[in-house]
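What follows is a short report on a single structure.
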Amino acid sequence: MGSERGVATGTLGIIQVNLDARRNAEVEKVCKEYLAREVDENDPDVEALDRLRDTVFQRMVVAIARQGDLKRAIKAVDDLIETNPKNWLNHELKAKVYRDAEQNDEAVKVYLDLVEKVGKDERLEKGAREDWVADYRYALSGVFVEMGQIDKAAEQLKVLLARDPSNPTYNNDLGFIWADHGKNLEEAEKLIRRASAEERKLRKKLSPDLTPKDDKDNASYVDSLAWVLYKRGKAKEAKPLLLEATKDPEGQQLEIMDHLGDVHMALGEKAEAVAAWKKGIEYATTSKRDVKRKAEVEKKIKAAK
């Protein structure tokens, strides 16, 4: 039993490393080899192993799609859906595959269908239904952002906030997307400040003995606040926040360094801006989002020179 779980866990680790490196053909190969293993139905750990197999299958589908074979990836998911049409996790996988392939119109259709159908699924307890629908609405908001449909993304986040007004993530995300697109800047700042305040309450609740020195705000939320201040013409106020955020390992990201570079430029600090952008490129990942931003940052560096 232990060895079989060890094999499964080790396989997932190998798969993730290859996924991160975008060695998608290797991911598919490893997944297929694992899924071809015989399952011992008498294994007392069989339910956990089945869940692990589901995860391996999901990774395989993503890898197939990333190789440019979206049709084959979707067919694999559709075959699963056909055998169990009310397993919402398979529908969710389909939406994720479409999103990863930048087929966002199709991803939106699947997520909207999930919001409607899961919301009516009486097999689930009310709380579980609402949680699932919230997850799908949140994912949907992200797809709309990627499509540049900010008002539709905001609409989903507003629905989520109506249900859970103190949720730090929802407050920060709505505030940030408004700030990033120059919309409702005063309200955006309020939402972002609320996000940090609510997260502080959660930290205090979970760790009552946390000292002020160790009680640091989420670097992403600090970045959001700095960005909305910058957008409101307050680059001088934004600068110390971004400098603080970039000291945090969690803040050492291309996007945050890009923001710092923009703030430096607004303050006439060209050399510091270029240094921040160059450092940001060092932090760039292989994600599509970072690849796109990296190209934009490289243009800024060239223009500054």
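Only heavy atoms go into these numbers, but all of them, side chains included; no hydrogens, no water, no symmetry mates. The residues of the chain are indexed from 1 along the displayed sequence.
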side-chain contact (heavy atoms from CB on, under 4.5 Å) partners for [X], two or more places apart:
{"X": "E255", "value": "F176, H259, R289, R293"}
{"X": "A276", "value": "M257, L260, H264"}
{"X": "R129", "value": "L124, K126"}
{"X": "E186", "value": "K190, R232"}

Using the rule that Ile, Leu, Val, Met, Phe, Trp and Tyr join whenever any side-chain heavy atoms are under 4.5 Å apart, tell me whether [X] and [Y] fall into a single cluster.
{"X": "M265", "Y": "W227", "answer": "no"}
{"X": "L202", "Y": "L160", "answer": "no"}
{"X": "I15", "Y": "F57", "answer": "yes"}
{"X": "V143", "Y": "V133", "answer": "yes"}
{"X": "V159", "Y": "W132", "answer": "no"}

List, one per line, each side-chain donor-acceptor pair under 3.5 Å for residues 101-115, sequence neighbours excluded.
{"from": "E106", "atom 1": "OE2", "to": "K109", "atom 2": "NZ", "distance (Å)": "3.4"}
{"from": "D113", "atom 1": "OD2", "to": "K117", "atom 2": "NZ", "distance (Å)": "3.2"}

Does atom [atom1] ([X]) have a neighbourhood of more than 12 heavy atoms from anything else shown, all under 6.0 Å?
{"X": "K231", "atom1": "NZ", "result": "yes"}
{"X": "K299", "atom1": "NZ", "result": "no"}
{"X": "E187", "atom1": "CD", "result": "yes"}

Query raised in the report: Which is it for R194 and E198 under the salt bridge (Lys or Arg N to Asp or Glu O under 4.0 Å) test, yes or no, and what are the steps along the way?
Result: CA-CA 6 Å; R194 186 183 303 152; E198 293 297 339; 5.9 Å; no
Requested in this report: Take D69 and K71 through the test side chain to side chain contact (heavy atoms under 4.5 Å, CB included) and record every step on the way to the result.
Outcome: CA-CA 5 Å; D69 201 344; K71 184 176 180 180; 4.3 Å; yes
Spacing of [X] atom [atom1] and [Y] atom [atom2] [to the nearest 0.5 Å]:
{"X": "L89", "Y": "K94", "atom1": "CG", "atom2": "NZ", "result": "15.0 Å"}
{"X": "N184", "Y": "I150", "atom1": "CG", "atom2": "CD1", "result": "11.5 Å"}
{"X": "H91", "Y": "I81", "atom1": "NE2", "atom2": "CD1", "result": "4.5 Å"}
{"X": "N24", "Y": "I64", "atom1": "CG", "atom2": "CD1", "result": "10.0 Å"}
{"X": "C31", "Y": "Q58", "atom1": "SG", "atom2": "CD", "result": "10.5 Å"}

Query raised in the report: Are any of the side-chain nitrogens in R193 or E189 under 4.0 Å away from the carboxylate oxygens of its partner?
Result: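 Judged by the 4.0 Å cut-off on N to carboxylate O distance, R193 and E189 do form a salt bridge.
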Query raised in the report: Salt bridge check: are R203 and E199 linked by an N-O gap of less than 4.0 Å?
Result: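 Looking at R203 and E199, the cut-off is met.
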Requested in this report: Sequence neighbours left out, what pairs pass side-chain hydrogen bond (donor to acceptor under 3.5 Å, both in side chains) with at least one residue falling in residues 237-248?
Outcome: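 As it turns out, the side-chain hydrogen bond (donor to acceptor under 3.5 Å, both in side chains) pairs with a partner in residues 237-248, which skip direct neighbours, are K239-E269.
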Requested in this report: Only pairs at least two apart or in different chains count here, so list each side-chain hydrogen bond (donor to acceptor under 3.5 Å, both in side chains) that has a residue in residues 271-283.
Outcome: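 As it turns out, the side-chain hydrogen bond (donor to acceptor under 3.5 Å, both in side chains) pairs with a partner in residues 271-283, which skip direct neighbours, are D258-W277, K279-E282.
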Decide yes or no for [X] and [Y]: does some side-chain heavy atom of the first lie under 4.5 Å from some side-chain heavy atom of the second?
{"X": "V17", "Y": "I14", "answer": "no"}
{"X": "M60", "Y": "V27", "answer": "no"}
{"X": "T286", "Y": "D20", "answer": "no"}
{"X": "E26", "Y": "V30", "answer": "yes"}
{"X": "L157", "Y": "Y138", "answer": "yes"}
{"X": "R66", "Y": "L19", "answer": "yes"}
{"X": "E298", "Y": "K302", "answer": "no"}

Write down the atom of [X], the atom of [Y], and the distance for their closest heavy-atom approach.
{"X": "G175", "Y": "L191", "result": "N-CD1, 3.9 Å"}
{"X": "L254", "Y": "A284", "result": "CD2-CB, 4.0 Å"}
{"X": "A235", "Y": "A266", "result": "CB-CB, 4.0 Å"}
{"X": "S287", "Y": "R22", "result": "CA-NH2, 4.4 Å"}
{"X": "A195", "Y": "P168", "result": "CB-O, 3.3 Å"}
{"X": "P165", "Y": "N171", "result": "O-ND2, 3.0 Å"}

Query raised in the report: What residues form a side chain to side chain donor-acceptor pair (under 3.5 Å) with Q67, not counting sequence neighbours?
Result: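 Expected list: E28.
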**Report entry** Counterpart residues, side chain to side chain donor-acceptor pair (under 3.5 Å), relative to D290 (two or more places apart)
**Finding:** T285
Requested in this report: Applying side chain to side chain contact (heavy atoms under 4.5 Å, CB included), run through T169 and Y221 and close with a yes or a no.
Outcome: CA-CA 9 Å; T169 299; Y221 294 179; 3.6 Å; yes
Query - Counterpart residues, ring pair (Phe, Tyr, Trp, His ring centres under 6.0 Å), relative to H181 (two or more places apart) - result: none
Report task. Mind jotting down which residue pairs meet the salt bridge (Lys or Arg N to Asp or Glu O under 4.0 Å) criterion with at least one end in residues 157-176? Sequence neighbours excluded, please. Result ->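 Checked against salt bridge (Lys or Arg N to Asp or Glu O under 4.0 Å) - neighbours excluded - the pairs reaching residues 157-176 are E130-R163, D131-R163.
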**Report entry** Intermediate values then yes/no, side chain to side chain contact (heavy atoms under 4.5 Å, CB included), N87 and L80
**Finding:** CA-CA 9 Å; N87 183 334; L80 270 185; over 6 Å; no
Query raised in the report: Hey, mind stepping through E155 and K152 against salt bridge (Lys or Arg N to Asp or Glu O under 4.0 Å) and telling me if it holds?
Result: CA-CA 5 Å; E155 180 183 336; K152 288 186 177 181; over 6 Å; no
Query - Derivation and outcome, side chain to side chain contact (heavy atoms under 4.5 Å, CB included), residues D217 and R200 - result: CA-CA 7 Å; D217 286 340; R200 284 185 211 113; 2.8 Å; yes
Requested in this report: Could you check K183 against D151 for salt bridge (Lys or Arg N to Asp or Glu O under 4.0 Å), going step by step and ending with a plain yes or no?
Outcome: CA-CA 10 Å; K183 294 174 175 280; D151 289 342; 3.6 Å; yes
Query raised in the report: Do W88 and D121 have side-chain N/O donor and acceptor atoms under 3.5 Å apart?
Result: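 Looking only at side-chain atoms, D121 and W88 do form a donor-acceptor pair, the distance falling under 3.5 Å.
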Requested in this report: Go through the steps for K300 and D262 under the test salt bridge (Lys or Arg N to Asp or Glu O under 4.0 Å), then give the verdict.
Outcome: CA-CA 9 Å; K300 291 179 183 180; D262 285 352; 3.0 Å; yes
Query raised in the report: How is the hydrophobic cluster of L229 composed, in terms of its other members, when Ile, Leu, Val, Met, Phe, Trp and Tyr link through side-chain heavy atoms under 4.5 Å apart, directly or indirectly?
Result: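 Its cluster mates, by chain and number, are L185, I192, V222, L225, V228, L241.
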